[in-house]
Asks: 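I am attaching a structure below and will ask some questions about it afterwards.
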Amino acid sequence: MGAASLFLKPFVVRSALIQLIRQARLGSYPFRLSIGAVPRPSYGYVVYHAARLARRLGYDRISVIEFGVAGGRGLLNLEYHAREVEKLLPLSIDLYGFDTGAGLPRPADYRDLPYLWREGFFRMDAAALRAELGRAKLVLGDVADTAARFFREYDPAPIAAVIHDFDFYSSTAAALAMFDAEEKYFLPRVHCYFDDITGTETSLYNDYTGERLAIREFNRAHPHKKLSAAYHLLARKIVQPWYHQIFIYHDFLHRRYNDFVSEEDPQIPLR
Ligand SMILES: C[S@@+](CC[C@H](N)C(=O)[O-])C[C@H]1O[C@@H](n2cnc3c(N)ncnc32)[C@H](O)[C@@H]1O
C-alpha cells in the first residue's frame, strides 16, 4: 500500500506507543495483552481467556490446539503465551500442533481455494522444529486421519482454545468435526481463532468457500453446538482487525455449560 497506508492507518501515535511497550516489555503481561503489546495478540487472547474460563470452572489442566503449524512460528508463540499464563493462573496448559508435516495437501475443489493455495506450500522441517519446541506435541499426518486417532492416543486434557490455520475448507471441516468427540474433551465454551476469514483483495474470503464455509456448515449441522462471532470484542470502541477472527464455540448441552461463572450477587438498588 506504500504511502496510502499513512492515510489509512488510524492512531499512529498510539500504535507507536504499543510497539514501544511490546519491545521493552513495559508493564504486566495482562496489561500488555489487553493493549495488544505482545507477539500475536490473537493467540495470546484465546490462551489467556480460555485459561481464565477454565479456572472459573475449576479445571487445573487444559489443552490448546493449533491446526496448521507450517514452520512452527505459531506453535512457538503459543508456548510463550502458555508460559506467561501459567505464571498468573494455577493451571497447566498442554499444546498440540496438527500438520501434515509436508505442507498443504492438494486442494480438493474450489472450496479449498486453489486460486490461492498450492500443494506443498508451508512445508515443515520437523526435526528443526522439534529441537526448538518445549512442551508442544506435533500430531503429524492428514487431519482426516489424525483427528480420529488423537483422542485415543493422547487422551488430552479438556480443549479450551483452538487456532484454526489450515487454510482449506476440507481440512478445517475435518478439524471442526473433532467437536463431535466426547464432551469431557472440551470446555463448554472454547475460544477459537480463524486465520483465513478476512484476507485481502486476492483471497476474497467469503461464506461459500474456505474456513468460513466450514464454520457455516458446522453450525448448520449442529443444532446445539455453534461457533459464534465474539460480539464483546466487535463492540469495543477501538476494533482490531483480528477481533473479526475470534469465534467462541458453544456446546449448549455440555454438562458444565450452565455453571455460574459471573460476578456473585450483583445488586442495582433503587437509590
Ligand atoms: C498457513 S500454514 C500454518 C501457519 C502457522 N499456523 C503459522 O502461523 O506459522 C497451513 C498449514 O496447514 C497444514 N494443513 C492444511 N491442510 C491439512 C490437513 N488436511 N492435514 C494436516 N495439515 C494440514 C499445512 O501443512 C500447512 O503447514
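What you are looking at is a predicted structure, and each value in this text was computed from that prediction instead of being measured. Quick note: residue numbers are just sequence positions, from 1. One-based numbering, in listed order, for ligands and for the atoms of each.
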Asks: How are the rings of F121 and W117 set to each other: parallel, tilted or perpendicular (split at 30° and 60°)?
Replies: perpendicular

Asks: Quick one: CG on L53 to CZ on R189, what's the gap to the nearest 0.5 Å?
Replies: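 Atom-to-atom, L53:CG and R189:CZ are 5.5 Å apart.
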
Asks: Select the closest option to atom 23 (C) of ligand 1 among Y43, Y193, F121, F166, judged by heavy-atom distance.
Replies: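 Heavy atom nearest to atom 23 (C) of ligand 1 belongs to F166.
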
Asks: Which ligand 1 atoms does G74 reach within 4.0 Å, using its non-hydrogen atoms?
Replies: 9 (O)

Asks: Checking F168 against L113 for the side chain to side chain contact (heavy atoms under 4.5 Å, CB included) test, could you report, in this order, the C-alpha distance in whole Å, the side-chain angles of both residues, the deciding distance, and whether it holds?
Replies: CA-CA 7 Å; F168 284 7; L113 298 162; over 6 Å; no

Asks: Nearest protein heavy-atom contact for atom 26 (C) of ligand 1: which residue, which atom, what distance?
Replies: D99 OD2, 3.5 Å

Asks: If the contact criterion is a heavy-atom separation under 4.0 Å, does G71 count as touching ligand 1?
Replies: no

Asks: Looking at CG of L75 and CG of L95, how far apart are the two atoms once the value is rounded to the nearest 0.5 Å?
Replies: 6.5 Å

Asks: Judging by distance only, is a nitrogen or oxygen of F122 under 3.5 angstrom from one on ligand 1?
Replies: yes

Asks: Taking only Lys NZ, Arg NE, NH1 and NH2, and the carboxylate oxygens of Asp or Glu, determine whether E217 and R220 approach each other closer than 4.0 Å.
Replies: no

Asks: Check whether any heavy atom of R40 sits under 4.0 Å from an atom of ligand 1.
Replies: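 The answer is yes, since R40 has a heavy atom less than 4.0 Å from ligand 1.
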
Asks: Using a 4.0 Å heavy-atom threshold (strictly under), name the region of E66 that reaches ligand 1: side chain, backbone, both or neither.
Replies: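 Side chain only.
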
Asks: Identify the protein heavy atom lying closest to atom 18 (C) of ligand 1, giving its residue, its atom name and the separation to 0.1 Å.
Replies: S171 OG, 3.6 Å

Asks: Can G141 be said to touch ligand 1, with heavy atoms closer than 4.0 Å?
Replies: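 True for this residue.
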
Asks: As a test of understanding, state which of Y193, Y257, F194, F179 forms a ring pair (Phe, Tyr, Trp, His ring centres under 6.0 Å) with Y249.
Replies: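 When Y193, Y257, F194, F179 are each tested with Y249, the ring pair (Phe, Tyr, Trp, His ring centres under 6.0 Å) holds only for F179.
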
Asks: How about H224: does its NE2 atom have over 12 heavy atoms from other parts shown lying under 6.0 Å from it?
Replies: no

Asks: Heavy-atom contacts under 4.0 Å between A174 and ligand 1: side chain, backbone, both, or neither?
Replies: neither

Asks: Distance to 0.1 Å, residue and atom name: give those for the protein heavy atom nearest to atom 22 (N) of ligand 1.
Replies: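 Going atom by atom, the protein heavy atom closest to atom 22 (N) of ligand 1 ends up being T100 N, 3.0 Å.
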
Asks: Atoms of ligand 1 less than 4.0 Å from G103 heavy atoms?
Replies: 24 (C), 25 (O)

Asks: Do E84 and Y48 get their side chains close enough for a donor-acceptor pair, meaning under 3.5 Å?
Replies: no

Asks: Identify the closest protein heavy atom to atom 1 (C) of ligand 1: which residue and atom is it, and at what distance?
Replies: D167 OD2, 3.2 Å

Asks: Counting only heavy atoms from other residues, nucleotides and ligands, does the tally under 6.0 Å from OH of Y231 exceed 12?
Replies: no

Asks: Which of the atoms of ligand 1 are close to A70, meaning less than 4.0 Å from one of its heavy atoms?
Replies: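 Answer, ordered by atom number: 2 (S), 3 (C), 4 (C), 27 (O).
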
Asks: Please identify which atoms of ligand 1 are closer than 4.0 Å to at least one heavy atom of V143.
Replies: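 Counting from 1, the qualifying ligand atoms are 18 (C), 19 (N), 20 (N), 21 (C).
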
Asks: Is any NZ, NE, NH1 or NH2 atom of the basic residue among R135 and D94 found under 4.0 Å from an Asp or Glu carboxylate oxygen of the other?
Replies: no

Asks: Which of these, T100, V69, L104, sits in a side chain to side chain contact (heavy atoms under 4.5 Å, CB included) with F122?
Replies: L104

Asks: Write out the residue and atom name of the closest protein heavy atom to atom 10 (C) of ligand 1, then the distance separating them to 0.1 Å.
Replies: D165 O, 3.1 Å

Asks: Short N/O distance, under 3.5 Å, between G68 and ligand 1?
Replies: yes

